[in-house]
Structures are given as C-alpha cells and as structure tokens.
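Quick note: numbers below take in every heavy atom, side chains included, and nothing from hydrogens, waters or symmetry partners. Computed from a predicted structure; not experimentally measured.
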Amino acid sequence: MPLRPLVFWMLRALMRRGDARSRRSEDPVPKPPWRPRPIRSWVLLVVFALILLGGWWYYDLQMAEIESLRVPGDAKADLEIAKMRLETVRATLTVAAGIGAASALVLSFRRQQHDEFHSTQQRITELRIQAVEQLSSDNATIRIGGLYNLERLGEQHEELRQLVLDEICSYLRRPFDLVTSPPADPEREVRAFAQEILQRRLKRRIGRRNYWSHNRLDLTDAALGVVDFSDCRLRNVNFTRVRFNGPAKFHGTSFEGPTSFTGVVFEQLVSFFDARFDDQVDFKEAAFSSVADLSRASFSGAAWFTKARFAHEVNCSLAEFREYLGFTGVAVDGYANCSGTVFHSYANFSKSVFAGGADFELARFAGVTIFEEVAFEAHADFETVSFGGWTSFARSTFRSSASFEHSVFKESTVFRESAWNWRASFLMVHFNATVDFEGSAFLDDVSLNGALLRQLLHDQSLPGRYRPVETSKGFRFLWTVKRDGSEPVVPQRRPGDAELQLRPGGPELRSGVESV
C-alpha cells in the first residue's frame, strides 16, 4: 500500500530524532533545570497529520482483509462484507476520535504545565525582589527576615543558589565599621546572620544535596566579624581588602579556583590549618595583626605573599608548596616556624625581614631557592635542611647566630657579600657542588668542622683559616685556627656524632664520622 512506506518513514524519522536527543543528554556539561516548552503550531500540525495517517492506514488495512473474503456471485457473502465494511468505518472513526481526545488532553496538560511554570517563575521573582527590598529596610528585624527569605529560596530552588549567594555577599560588601560601631548595634546581628548562612550552606559534610554549589564568592571590601569557614568548599573566592575583625578559621577548607586575599587585614588569630588551595592564591600586601597558622596547608598552585606583614608568629610547619612561592619583601616581626615545610618548586624569600627568628629545620627545597638580601634579626635555624636546587644567600645579613648543621646543598650555593655578626655553624654540612663566600664578612666564630666540599675552587673564599684535607669523597675541613691567632685545635670526635649522608630518596642520618 502507498501509505505504509510513508508511515514507516515518519516513524523512523521520529526514532532518529529521539536517538539524537539521548546522545545529547549524555553530554557531561550539566543542564539547566527542566522547564516546559511552549506548544508550537507545527507540533499541532504533526499530531493532526499522524492521526489522519494512522486512521487511513488502519482503514486501508481492514478493507484489504475484508475484500479478501469476498466470494464472487454469493449475495449473502456480499451482505456480510458490506456490514463488516460499515463496522470498520465506525471503528476507525471511534479510534480516531479517541486518539484525538487523548491528544487534546496531552496538549491541554502541556499548556497547563507551561502556564504553571511561568506563574511559578513570576512568584519566585516577586519573592526575590521582596527579599532584596527587605534588606534595604531601616529595621534590623526586617533585614534579617529578608536574609531568611533568600535562604529559603535557595533551599527550595537549586538554580537560584548562586543568585542568593551573590545577594548575601553584596549585602556584606556594604560599608560598615565593626571597630567603631557600638556592641549593641543591630547591624552586627544582621551581618552575623548573613555570615552564618554562608558558613552553613558551603560546608562539605552536610552532603551533596544540601551543599550549595556555586561558581564564585565576591566579598571585596567587606567587613567581617568572627568567621568560621572550616571544612567548607569555596570556589573562586575574592577576599580582596576584606577586614576580619574577629578570629578567622579555615581549618580543612578547600579553595577551588583562583583565590585572592590581596590587601586583607586579619585583626585577630587566623588559621589555615590543613587547608587546601587547588589553584593560585594571592596574599599580596596582607596584614596579619595576630598569630597566623598555615601549618599542614597545601598549595597546589602558585602562592604570593609579596610585601605581606606578620606582626606576630607565623607557623608554616609541615606545609607544602607545589608551585612557585613568592615571599619577597615580607616582614615577620614574630617567630617564623617553617620546620618540615616542603617546597617542590621555586622559592623566593628575597628582601624579607625575619625579626623574631626563623626555623627551617628539616625543611626540603627541591627547586631554586633564593634568600638574597634577607635580614635575619634573630637566630636562623637551617639545620638538617635539604637544598635540591641552586641556592643563594647573597647579600643577606645574619645579625644573630645561624646554624646550617647537617644540611645538604645538592647544587651550587652562593653566600657572596653576606654579613655574619654572630657565630655561624656549618658542622657536617655537605656541599655537593661549589660554594662561594666571596666578599662575606664574619665578625664572630665560624665552624666548618666536618663540612664536606665535593669540589674546591682555587679562588674559593672561605671563612676563617681552615685547612681542607682531601679525602675519597672530597675536601673535609677538620682543622681550624682561633680568631686570636692561637694554635690550631683538633675538634673532638664523639662516638655519638651524626653525619648527614645523601641518598636519592633524601637526607638520612647515620652515626659515625669518616676517618681522614
């Protein structure tokens, strides 16, 4: 029959279109929430055409079967065939009417869904506008109600969560001085509630369904009180010039995307203990007025602390810097604890000032390390440190004692024009490449006892009057001359002395001193 190929062709086209939609649905890019599409005129025409073609095809098929039963010359059979033809026409019209009624119901249902969607969107828009207007009220209670309404919108409609977060951040960015405002100011309570919404909705442990996914958090120039973003997952955070007037906790916080703390002011304790920075982070010109805790923090991207100011202790122990570290021009007035810190790439501490002592014991520098023009006002501890790349302490000043005992310098090391005001100890240090002290000034005793130098340059400038003794491993300094010109003394060897040996996996301590 001529109608059958046409019907089959239309059905095959519809099936191909469905397959194409299913393939597009496998796209990993998340789709926006479902919304009913408006009924188009061509859809109605297609549905009507399918009903006609289906009825025609059914009628044609039944007529063909009835005609096959006709017996030539049999009047009784012709009468029965006429009745069957009449019944077929009636059944075809009934089926077509049923399909048409069902189609009308489906179209009516879709139209109702479309109208309900638009009414819902209109109601959501009205509620959001009302909540934003409440935030502009002079009554603090009404402003809190507006924040509560915004939170409820975000909780019920996932697609609005980014918008709600933007509105809350916008409110916190409004000018407000937490220092001069009285403790009874109602605005303090409103801002505390706004901060509490952010802290509660951005925590990872609340579950995937309750966590508010977002693309950004912009709190530029905001004034925040007591902040606790511990265990939160934050994306593309902008804390530029934010003033934290209370303690700030970021314990175990995960920062995804670029993070900016440029010009931020921490008035009280701030803790990034066990925090994770998956992308670059910027602390340029940040001011830490109290203790700063960066212990066990992990920096997967570049980290800049250029011209930052630490008024008290800074703790970076067991932290990990996988990319470039810019610590140039930094002033640390308190004690700097960087023991056990790992620097996988370029680390630059140039022109920084450590006024309260610097502890880099057991630290590991895998790349180029720069400490040029650094001022160590108190004791500098670089004991048992592994320097894996080219290292420079050129033009640095050690105003107190400095210790590099048992450390390993795998590449060339430069101490040119450095100033050593107090005692410096290089006991059992391993210089696996050249070391340059040219132009350095030593104003107190320097100990090179047991130091091992792989290669001795003829123009090498070494502190004091040390006589290098050549061994199978290089030149070891075991004799020294006192500053007052008295006779040289042989350094005492104790059975418990430890010598730092270099192996591919890192430094290792073992007892015993090589005999010369």
Side-chain angles (χ1 to χ4, degrees), residues 131-151 163-202 214 216-230 232 234 236-251 253 255 259-272 275 281-294 305-314 330-331 333-334:
V132 173
E133 290 177 350
Q134 288 178 319
L135 294 180
S136 301
S137 174
D138 295 333
N139 192 328
T141 304
I142 297 179
R143 295 199 297 273
I144 292 178
L147 291 172
Y148 176 76
N149 291 334
L150 283 175
E151 182 183 12
L163 182 61
V164 171
L165 293 175
D166 289 341
E167 293 291 351
I168 295 175
C169 292
S170 177
Y171 183 82
L172 291 174
R173 290 199 303 269
R174 295 181 181 181
F176 184 73
D177 194 346
L178 287 170
V179 178
T180 59
S181 63
D185 191 342
E187 178 63 14
R188 288 178 172 268
E189 182 180 358
V190 179
R191 289 178 170 269
F193 182 66
Q195 292 178 199
E196 196 267 336
I197 294 176
L198 298 180
Q199 296 165 179
R200 183 175 66 252
R201 294 298 181 179
L202 299 179
H214 57 284
R216 62 188 176 275
L217 281 178
D218 187 2
L219 289 167
T220 305
D221 295 316
L224 305 179
V226 178
V227 172
D228 187 2
F229 281 103
S230 299
C232 285
L234 308 178
N236 299 325
V237 183
N238 189 354
F239 285 108
T240 302
R241 296 184 300 276
V242 172
R243 180 176 292 273
F244 293 87
N245 292 275
K249 293 183 180 180
F250 295 89
H251 293 178
T253 304
F255 295 89
T259 304
S260 175
F261 285 91
T262 305
V264 71
V265 177
F266 295 99
E267 297 289 352
Q268 298 187 31
L269 169 70
V270 55
S271 176
F272 290 92
V281 57
D282 190 349
F283 283 94
K284 292 179 181 177
E285 299 181 358
F288 299 82
S289 302
S290 186
V291 177
D293 185 7
L294 296 168
F305 290 84
T306 307
K307 296 183 180 179
R309 296 293 181 267
F310 295 87
H312 290 274
E313 175 185 352
V314 54
V330 177
D333 296 336

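- In this structure, the separation between CG on Asn236 and NE2 on His214 is 7.5 Å, given to the nearest 0.5 Å.
- Residues that satisfy the side chain to side chain donor-acceptor pair (under 3.5 Å) test with Ser271, not counting sequence neighbours, are His251.
- Side-chain contact between Ser181 and Glu187: absent, with no pair of heavy atoms (C-beta onward) separated by less than 4.5 Å.
- Partners of Glu267 according to the salt bridge (charged side-chain N to carboxylate O under 4.0 Å, His left out) rule, which considers only residues two or more places apart in sequence or in another chain, are Arg243.
- Under a cut-off of 6.0 angstrom, the local environment of CD in Glu196 is crowded, with over 12 non-hydrogen atoms contributed by other residues, nucleotides or ligands.
- Taking the six-membered ring for Trp and the full ring otherwise, Phe288 and Phe305 have centroids separated by 6.0 Å or more.
- A ring-centre distance under 6.0 Å is not found for Tyr148 and Phe193.
- With values rounded to the nearest 0.5 angstrom, Thr180 atom OG1 is found 9.0 Å from Asp185 atom CG.
- A donor-acceptor contact shorter than 3.5 Å is absent between the side chain of Arg173 and the backbone of Asp221.
- Under 4.0 Å is where a charged nitrogen must lie from a carboxylate oxygen, and between Lys249 and Asp228 no such pair does.
- Salt bridge status for Asp166 with Arg216: present, with a side-chain N to carboxylate O gap under 4.0 Å.
- Across all non-hydrogen atoms, the minimal contact from Leu198 to Cys169 is CD1-SG, 4.4 Å.
- Ile197 is not listed as a side-chain neighbour of Leu150, based on a closest heavy-atom distance of 4.5 Å or more.
- In this structure, Ile144 CD1 and Leu135 CG are separated by 11.0 Å, a value rounded to the nearest 0.5 Å.
- Under a 3.5 Å cut-off, the side chain of Arg201 and the backbone N or O of Leu165 do not form any donor-acceptor pair.
- In terms of modelled atom types and a separation under 3.5 Å, the side chain of Arg143 and the main chain of Arg191 share no donor-acceptor contact.
- Formation of a donor-acceptor pair under 3.5 Å by the Gln195 side chain with backbone atoms of Gly225 is found in this model.
- When all heavy atoms of Ala275 and Phe255 are compared, the closest pair comes out as CB-CE1, 4.4 Å.
- In terms of heavy atoms, Ser289 sits closest to Ala311 at O-CB, 3.8 Å.
- Between Phe272 and Phe283, the ring center distance clears the sub-6.0 Å criterion.
- With contacts defined as side-chain heavy-atom distances shorter than 4.5 Å, the pair Phe244/Val227 qualifies.
- Counting all heavy atoms, side chain and backbone alike, Thr240 lies closest to Ser260 at OG1-OG, 2.9 Å.
- The side chain to side chain contact (heavy atoms under 4.5 Å, CB included) with Leu172 is formed by just one residue from the set Val190, Leu219, Val242; it is Leu219.
- What you find for Phe261 and Thr259 is that their closest heavy atoms are CE1-CG2, 3.5 Å.
- Distance alone, capped at 3.5 Å, places no donor-acceptor pair between the Gln268 side chain and the Ala248 backbone.
- Inspection of the Thr220 and Asp218 side chains reveals an N or O donor paired with an N or O acceptor under 3.5 Å.
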Checking side chain to side chain contact (heavy atoms under 4.5 Å, CB included) for the pair Val164/Glu151: CA distance, chi angles, key distance, verdict? CA-CA 7 Å; Val164 171; Glu151 182 183 12; 5.6 Å; no
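- Of all the heavy atoms in Ala194 and Ile168, the pair that sits closest is O-CG2, 3.8 Å.
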